[in-house]
Amino acid sequence: MSAPALREAAWTEFLLAARTHLGAGTKLLEREVLAPRTTLRVGGPARVYAEPASAEDLRRLLLEAGRRALPVLLLGRGSNLIVPDDGVDGLVISLGHANWQQFAPQPDGRVRVGAGLRLKNLCGLATKAGLRGFEFLEGIPGTVGGALRMNAGAMGGWMFDVVEEVQLMTLPGEVRTMKRAEMHVDYRHCGELREAIALGACLQPAAQSEAADIRRQIDVYQKKRVESQPREPSAGCIFKNPPGNSAGKLIDESGLKGARVGDAEVSGVHANFIVNRGHATSADIIGLVREVRARVKRARGLDLEPEVLLFGREWRDVL
Ligand SMILES: Cc1cc2nc3c(=O)[nH]c(=O)nc-3n(C[C@H](O)[C@H](O)[C@H](O)COP(=O)(O)OP(=O)(O)OC[C@H]3O[C@@H](n4cnc5c(N)ncnc54)[C@H](O)[C@@H]3O)c2cc1C
């Protein structure tokens with residue numbers, strides 16, 4: 001049998017095994033188009049897309065995929081991703097089921113949150129509960145899981161500033177709890193979550209406060225975002241800031257605001273955002289990333305490193 005035929009046979013077996021064992025609440029879809037599940041709105045289908053309703057079903061999916069050497073990819077809100085136009089030949093798992101959206105203040109003052117909880121909801125629920133310290137996350141359109149994996153940050157704060165411990169599942173299905181101090185966390189990176197799935201985290205609020213005071217701070221941050229970020233579909237900042245420099249400033253100074261490939265455009269509002277002007281493809285976005293890197297390299301001698309991830313691929317293979 002040819003390699004593609006063997007792979008197809010592995011998927012058929014996987015689906016059969018998964019459908020036999022998974023609970024009724026778990027969603028399993030074939031060839032689900034991912035573009036609408038991302039903020040940039042580009043990209044093709046996942047060979048298989050799953051929303052497990054429980055840790056047991058998640059474990060089962062991982063084991064069945066692992067047994068057949070089928071790749072597994074995690075999808076949060078898809079706000080830091082470029083999905084290739086031809087999609088991904090993998091099992092794409094989303095913790096979109098309500099069971100992963102827990103927000104539970106503990107008697108000791110900490111808060112347990114599920115990895116599927118949207119950061120917007122985390123901020124809203126914390127405000128209602130009078131818990132300060134999460135305001136900087138308002139406006140980052142991701143989930144707790146994606147924010148842990150990326151160590152998302154804004155307004156001077158980083159996700160791991162508020163993390164005490166993370167509960168994760170390894171690809172062989174083992175559940176572990178790791179303390180913040182045991183984890184390797186860096187700018188837009190968490191080493192332990194490259195090869196594992198965040199199930200949830202225990203967060204430490206900064207203090208108790210009046211909801212109205214927390215709301216005021218959130219409003220300040222929201223206003224800053226509205227003034228400095230484009231409204232069109234995007235994946236946030238495309239490139240990491242080089243040490244001591246700003247990627248947006250470098251791109252702007254290289255005269256690239258408004259540069260286009262197809263319907264992908266360097267935003268005129270913030271040069272480190274590439275926006276989808278309507279019908280951009282993944283190839284357009286990647287083409288523009290290449291163009292921006294080449295122009296900044298020529299003008300300033302610097303290699304910009306993408307912050308946004310290429311789903312299921314490595315940037316070095318396309319740049
Ligand atoms: C308008 C806009 C503004 C933005 N502003 C900011 C900002 O200020 N600061 C900032 O840091 N980012 C920003 N971003 C980028 C993005 O929102 C963050 O990186 C966010 O944390 C990604 O979360 P997500 O759920 O969308 O993850 P996704 O984009 O779906 O995934 C990102 C990575 O996390 C992995 N992942 C997702 N869930 C899990 C999980 N449960 N376990 C393990 N891995 C997982 C994925 O496999 C992938 O590798 C912005 C994006 C947009 C569109």
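Ligands are counted one by one from 1 in listed order, and the atoms in each one are counted from 1 as well. Note that the structure is predicted; figures quoted are calculated from it, not measured. Computation of the quantities below employed the complete heavy-atom set of this structure, encompassing side-chain atoms and omitting hydrogens, waters and symmetry-equivalent molecules.
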Checklist entry - Taking side chain as C-beta onward, heavy atoms only, is Gln167 less than 4.5 Å from Leu199? => result yes
Next on the checklist: What protein heavy atom lies closest to atom 47 (O) of ligand 1? Include the residue and the distance to one decimal.
Outcome noted: Leu74 O, 2.6 Å
Next on the checklist: Students often mix this up, so state it plainly: with edges at 30° and 60°, are the rings of Phe273 and His270 parallel, tilted or perpendicular?
Outcome noted: tilted
Checklist entry - Does the N or O separation between Glu307 and ligand 1 drop below 3.5 Å for any pair? => result no
Checklist entry - Which one holds for Cys237 and ligand 1: side chain close, backbone close, both close, or neither close, with close meaning a heavy atom under 4.0 Å? => result neither
Next on the checklist: Whether the side chain of Glu232 engages the backbone of Pro230 through a donor-acceptor N/O pair (distance < 3.5 Å, no angle test) should be reported.
Outcome noted: no
Next on the checklist: Considering Gly153, Ala152, Ala201, Pro230 one by one, which has a heavy atom nearer to atom 9 (N) of ligand 1 than any of the others?
Outcome noted: Gly153
Checklist entry - So which protein heavy atom does atom 28 (P) of ligand 1 come closest to, and at what separation? => result Gly78 N, 3.7 Å
Next on the checklist: Just to be sure I'm reading this right: ignoring hydrogens, which of Leu119, Leu95, Ile140, Leu73 gets closest to atom 6 (C) of ligand 1? Compare them by their nearest heavy atoms.
Outcome noted: Ile140
Checklist entry - Considering only the protein, which heavy-atom contact is closest to atom 15 (C) of ligand 1, and what is its distance? => result Asn80 OD1, 3.4 Å
Checklist entry - Got the closest protein heavy atom to atom 25 (O) of ligand 1, with its distance? => result Thr143 OG1, 2.7 Å
Next on the checklist: Heavy-atom pairs closer than 4.0 Å: do any link ligand 1 to the side chain of Leu309, the backbone, both, or neither?
Outcome noted: side chain
Next on the checklist: Does the structure place the NZ or CZ of Arg37 under 6.0 Å from the centre of the six-membered ring of Tyr49, at an angle of no more than 45° from the ring's axis?
Outcome noted: yes
Checklist entry - Counting only heavy atoms, which portion of Thr39 has something under 4.0 Å from ligand 1: side chain, backbone, both, or neither? => result side chain
Checklist outcome for this item: A student comparing Gly200, Pro141, Gly116 should find that the heavy atom closest to atom 3 (C) of ligand 1 comes from Pro141
Checklist entry - To which protein heavy atom is atom 27 (O) of ligand 1 closest, and what is the distance rounded to 0.1 Å? => result Gly146 CA, 3.5 Å
Next on the checklist: Check this for me, if you would: do Arg277 and Asp284 make a salt bridge, where the nitrogen-to-carboxylate-oxygen distance has to be below 4.0 angstrom?
Outcome noted: no
Item to check | His189 side chain reached by Glu307 side chain, heavy atoms, under 4.5 Å | outcome: no
Checklist entry - Is the shortest heavy-atom distance from the side chain of Trp100 to the side chain of Thr143 under 4.5 Å? => result no
Next on the checklist: Which residue and atom name correspond to the protein heavy atom nearest atom 44 (N) of ligand 1, and how close is it?
Outcome noted: Arg149 CB, 3.7 Å
Checklist entry - Using 4.0 Å as the upper bound for N to carboxylate O, is an ion pair formed by Glu165 and Lys179? => result yes
Next on the checklist: Less than 4.0 angstrom from a charged side-chain N to a carboxylate O is my criterion; do Arg60 and Glu56 meet it?
Outcome noted: no
Item to check | NZ/NE/NH1/NH2 to OD/OE distance under 4.0 Å, Arg176 and Glu174 | outcome: yes
Next on the checklist: Just to confirm my output: which protein heavy-atom neighbour is closest to atom 20 (C) of ligand 1, and how far is it?
Outcome noted: Ser79 OG, 3.8 Å
Item to check | Selection from Arg77, Arg231, Arg225 by shortest heavy-atom distance to atom 5 (N) of ligand 1 | outcome: Arg225
Next on the checklist: Tell me whether Arg188 reaches ligand 1 (any heavy atom closer than 4.0 angstrom to a ligand atom).
Outcome noted: yes
Checklist entry - Within the side chain of Ser228, is there an N or O that forms a donor-acceptor pair under 3.5 Å with the backbone of Lys224? => result yes
Item to check | Under 3.5 Å: donor-acceptor pair, side chain of Ser254, backbone of Ala299 | outcome: no
Next on the checklist: Taking distance alone, with N or O pairs closer than 3.5 Å, would you say Leu75 contacts ligand 1?
Outcome noted: no
Checklist entry - Which of the numbered atoms in ligand 1 are below 4.0 angstrom from a heavy atom of Ala196? => result 43 (C)
Item to check | The one among Gly142, Ala154, Ala147 that brings a heavy atom closest to atom 21 (O) of ligand 1 | outcome: Ala147
